[in-house]
Amino acid sequence: MASRFASFSEFYPFYLSEHSNRTSRRLHFVGSCGVLILFALALAQARPWLLLAALLCGYGFAWVGHFFFEKNRPATFKYPFYSFAGDWVMFKDILTGKIKF
């Protein structure tokens with residue numbers, strides 16, 4: 001299956017359009033914060049099961065945002081790598097004030 005996006009630069013505006021709901025963006029941000037905390041704990045405490053918890057936390061918050069607030073299907077299903085990168089670029093853009101929280 002060929003991607004309709006030739007690069008991440010082409011994909012990111014689409015990604016942002018799929019995250020126009022402020023509550024959904026907030027849920028993504030909270031989930032990403034949880035991922036970072038759980039990942040750090042997994043490393044610091046040598047508890048690999050926390051990596052699974054981090055994965056569930058990140059996707060759990062994001063998917064609630066999509067299914068209940070955006071009312072769309074997460075891009076993860078169609079564009080897994082670009083979507084993963086988009087999550088972290090959007091996280092950075094929220095942190096730096098480029099995107100409204």
Exercise. Between Trp63 and Pro74, what is the shortest heavy-atom contact and its length?
Worked result: CD1-CG, 3.3 Å

Problem set entry | Trp88 reachable from Tyr79 in the ILVMFWY side-chain graph, under 4.5 Å edges | yes

Seminar exercise, completed: Heavy-atom nearest pair, Ser83 first then Thr76, reads OG-OG1, 3.2 Å

Exercise. Can Leu43 be reached from Leu38 by stepping across I, L, V, M, F, W or Y side chains whose heavy atoms are under 4.5 Å apart?
Worked result: no

For this session: Taking atom CZ of Phe67 as the centre, report whether more than 12 heavy atoms of other residues, nucleotides or ligands fall under 6.0 Å from it.
Result: yes

Exercise. Quick one: NZ on Lys71 to OG on Ser24, what's the gap to the nearest 0.5 Å?
Worked result: 11.0 Å

For this session: Quick one: closest heavy-atom pair of Glu70 and Ser20, and the distance?
Result: OE2-N, 3.0 Å

Exercise. Given the rule that I, L, V, M, F, W and Y join up when any side-chain heavy atoms are under 4.5 Å apart, are Leu95 and Leu36 in one cluster?
Worked result: yes

For this session: Would you check if Arg73 and His66 make a side-chain contact, meaning some heavy-atom pair closer than 4.5 Å?
Result: no

Problem set entry | Rounded distance (nearest 0.5 Å) linking atom CZ of Phe61 with atom CG of Asp87 | 14.0 Å

Exercise. Considering residues at least two apart in sequence or located in another chain, which fulfil the side-chain hydrogen bond (donor to acceptor under 3.5 Å, both in side chains) criterion with Asp93?
Worked result: Tyr12

Exercise. Is a donor on one side and an acceptor on the other found under 3.5 Å between the side chain of Arg25 and the backbone of His19?
Worked result: yes

Exercise. Between Tyr82 and Tyr15, does the ring centre distance come in under 6.0 Å?
Worked result: no

For this session: Using the test side-chain contact (heavy atoms from CB on, under 4.5 Å), find all partners of Phe101 that sit at least two apart in sequence or belong to another chain.
Result: Arg26, Phe29, Ile94

For this session: Spell out, as yes or no, whether a donor-acceptor pair under 3.5 Å connects the side chain of Glu18 to the backbone of Ala75.
Result: no

For this session: Measure the shortest side-chain to side-chain distance between Phe68 and Thr23 over non-hydrogen atoms and say whether it is less than 4.5 angstrom.
Result: no

Exercise. Are any of the side-chain heavy atoms of Phe91 and Cys33 separated by less than 4.5 Å?
Worked result: yes

Problem set entry | Donor-acceptor contact below 3.5 Å, side chain Ser17 vs main chain Phe14 | yes

Seminar exercise, completed: What one should report as the nearest heavy-atom pair of Val35 and Ala54 is CG2-O, 3.2 Å

Problem set entry | Phe84, CZ: over 12 other non-hydrogen atoms inside 6.0 angstrom | no

Exercise. Going through the distances and angles, do Lys78 and Arg4 end up as a side-chain contact (heavy atoms from CB on, under 4.5 Å)?
Worked result: CA-CA 10 Å; Lys78 197 167 187 180; Arg4 74 181 225 209; 5.6 Å; no

Exercise. Going hydrophobic residue to hydrophobic residue with side-chain gaps under 4.5 angstrom, can you get from Leu27 over to Leu55?
Worked result: yes

For this session: Report yes or no: does Arg22 contribute a side-chain atom to a donor-acceptor pair with the main-chain N or O of Lys100 at less than 3.5 Å?
Result: no

Exercise. Going hydrophobic residue to hydrophobic residue with side-chain gaps under 4.5 angstrom, can you get from Phe39 over to Leu41?
Worked result: no

